Amino acid sequence: MSRYVHQLLAGALLLGGLVISAYLLFRSIALEGDAAGAADVCSAIFGKGCDATLRDPFSKRLGIPLAGWGVLYFASLLLLLVLGRVLDEGFRRATHAAAALLVLVGGAVSVGLVASLVAGAFPLCPLCLVVNGLNLLVVVPVVRAGGQPFREVARDWGRGLRYLGGAKVADPLAARWRVVGFLCVGLAFVAIYQWILIEGDRAAARNKEIDPAQVVASFEAAPRVEIPADPEAPVLGPPTGRVEVVVFSDAFCPHCRAFWADAKQLVARYRGAVRIVFRHFPLDPPCNASVPKP
């Protein structure tokens with residue numbers, strides 16, 4: 001087959017892997033929060049859900065689900081192949097060499113994951129088997145997408161390593177442009193990773209239930225600290241107010257600043273009876289022992 005056929009086949013397989021990984025990722029994020037209403041494609045197609053696998057502790061690495069790593073992997077490979085298709089010949093060889101190295105590493109990881117699923121180390125996930133199968137099928141098309149034999153691809157790896165090690169090249173400007181291209185792929189990788197990380201944390205936070213009794217018990221169990229009065233602390237209201245309210249606040253906090261509008265109304269309503277003392281938390285030494293002076 002020609003390299004163009006390999007490129008089309010690789011693109012189709014990578015796109016399929018990306019779509020399935022994206023679904024598994026969104027399902028994983030939904031399971032972090034409230035999964036009610038989220039489509040269970042796995043059960044609809046195979047009659048067996050993937051949720052047990054997605055909830056398994058092993059299915060989360062470096063803060064994001066394995067499906068998220070699948071999205072990053074397939075998206076990076078697609079981006080490398082697209083860059084190699086639209087840029088010059090020299091960059092095409094470099095991107096295909098990088099894609100070939102990445103797909104070989106990914107293929108080895110897929111072999112391990114499939115073996116673990118089949119051996120019963122984790123709950124069986126049909127869609128996980130499909131996406132790893134697609135990844136194994138895409139190895140040859142990606143390696144051959146550049147049009148050169150494998151030995152030439154290996155030589156490109158060697159040339160790239162020597163360049164990173166400081167070796168001189170015939171065209172330094174072109175080499176630096178290739179580095180810029182790879183940095184763009186890396187930035188896209190980091191941006192997607194951060195988005196997945198943030199979405200997972202948001203879903204978990206939405207599903208977190210607060211037990212008022214537990215909050216009160218935690219407050220009552222906390223050690224009591226005597227904080228001496230500060231006669232020089234700013235005061236809102238008359239100095240002779242019968243009720244003194246000491247407020248630990250932070251001038252840099254927008255919610256703390258909004259509170260003082262209510263505080264002014266309180267002092268005005270109970271004119272002459274209430275005085276509010278401002279203490280700067282956490283930049284007050286009695287509150288924060290690491291601060292040497294106010």
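Computed from a predicted structure; not experimentally measured. All heavy atoms count here, side chains included; hydrogens, waters and symmetry mates do not. By convention here, the first residue in the shown sequence is residue 1.
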>> How close do Thr53 and Cys125 get, counting heavy atoms only, and between which atoms?
In response: OG1-CB, 3.4 Å
> Are Val131 and Phe58 grouped together when hydrophobic residues (ILVMFWY) are joined by side-chain heavy atoms under 4.5 angstrom apart?
Replying inline: yes
>> Hydrophobic clustering (ILVMFWY, side-chain heavy atoms < 4.5 Å, transitive) - are Leu104 and Leu134 grouped together?
In response: yes
> Is a donor on one side and an acceptor on the other found under 3.5 Å between the side chain of Ser59 and the backbone of Arg55?
Replying inline: no
Can I get a per-line list of side-chain donor-acceptor pairs under 3.5 Å for residues 248-263, giving both atom names and the distance, sequence neighbours left out?
unit_1: Asp250; atom_1: OD1; unit_2: Phe252; atom_2: N; d: 3.0
unit_1: Arg257; atom_1: NH1; unit_2: Ala251; atom_2: O; d: 3.0

> Checking side-chain contact (heavy atoms from CB on, under 4.5 Å) for the pair Thr95/Val185: CA distance, chi angles, key distance, verdict?
Replying inline: CA-CA 10 Å; Thr95 54; Val185 176; over 6 Å; no
> Leu236 versus Val247: any side-chain heavy-atom pair under 4.5 Å?
Replying inline: no
> Same cluster for Val139 and Phe74 if Ile/Leu/Val/Met/Phe/Trp/Tyr side chains link at under 4.5 Å?
Replying inline: yes
> Which pairs, with at least one residue in residues 14-25 and sequence neighbours excluded, count as a side-chain hydrogen bond (donor to acceptor under 3.5 Å, both in side chains)?
Replying inline: none
> Under a 4.5 Å side-chain heavy-atom rule over Ile, Leu, Val, Met, Phe, Trp and Tyr, are Leu66 and Leu124 clustered together?
Replying inline: yes
> Partners of Ala52 by side chain to side chain contact (heavy atoms under 4.5 Å, CB included), sequence neighbours excluded?
Replying inline: Pro123
> Where do Ile192 and Ala75 come nearest, in terms of heavy atoms and distance?
Replying inline: CD1-CB, 4.4 Å
> Can you pull the side-chain hydrogen bond (donor to acceptor under 3.5 Å, both in side chains) pairs that have at least one residue in residues 61-84, sequence neighbours excluded?
Replying inline: Tyr73-Asn135
> What pairs with Phe189 under ring-ring contact (aromatic ring centres under 6.0 Å, His included), at least two apart in sequence or on another chain?
Replying inline: none
> With clusters built from Ile, Leu, Val, Met, Phe, Trp and Tyr whose side-chain heavy atoms come within less than 4.5 Å, directly or transitively, what are the remaining members of the cluster of Val140, listed by chain and number?
Replying inline: none
> What residues, two or more places apart in sequence or in another chain, satisfy side chain to side chain contact (heavy atoms under 4.5 Å, CB included) together with Val114?
Replying inline: Val118, Leu129, Asn132
>> Show the nearest heavy-atom pair for residues Leu79 and Ala188, with the distance to one decimal.
In response: CD2-CB, 4.2 Å
Please list, one pair per line, the donor and acceptor atoms closer than 3.5 Å that link side chains of residues 266-276 to other protein atoms, with sequence neighbours excluded.
unit_1: Arg275; atom_1: NE; unit_2: Pro238; atom_2: O; d: 3.3
unit_1: Arg275; atom_1: NE; unit_2: Pro239; atom_2: O; d: 3.3
unit_1: Arg275; atom_1: NH1; unit_2: Glu244; atom_2: OE2; d: 2.2

>> For Cys128 and Leu24: C-alpha separation, side-chain torsions, deciding distance, then whether side-chain contact (heavy atoms from CB on, under 4.5 Å) applies.
In response: CA-CA 8 Å; Cys128 300; Leu24 291 173; 4.2 Å; yes
>> Let's go through Asp230 and Arg279 carefully: what are the C-alpha distance in whole Å and the side-chain angles of both, what is the deciding distance for side-chain contact (heavy atoms from CB on, under 4.5 Å) to 0.1 Å, and is it a yes or a no?
In response: CA-CA 8 Å; Asp230 182 1; Arg279 300 295 295 270; 3.9 Å; yes
>> On a heavy-atom basis, which atom in Phe182 and which in Leu80 lie closest, and how many Å separate them?
In response: CE2-CD2, 3.8 Å
Acceptor/donor pairs from residues 8-20 side chains to any protein atom, 3.5 angstrom cut, sequence neighbours excluded:
none

> Does any non-hydrogen side-chain atom of Pro65 lie less than 4.5 Å from one of Ile196?
Replying inline: yes
> Of the non-hydrogen atoms in Pro231 and Ala229, which two are nearest, and what is the gap between them?
Replying inline: CD-O, 3.7 Å
> Given the rule that I, L, V, M, F, W and Y join up when any side-chain heavy atoms are under 4.5 Å apart, are Leu197 and Leu31 in one cluster?
Replying inline: yes
>> Looking at every heavy atom in both Leu137 and Pro141, which two are closest together, and how far apart are they?
In response: O-CD, 3.2 Å
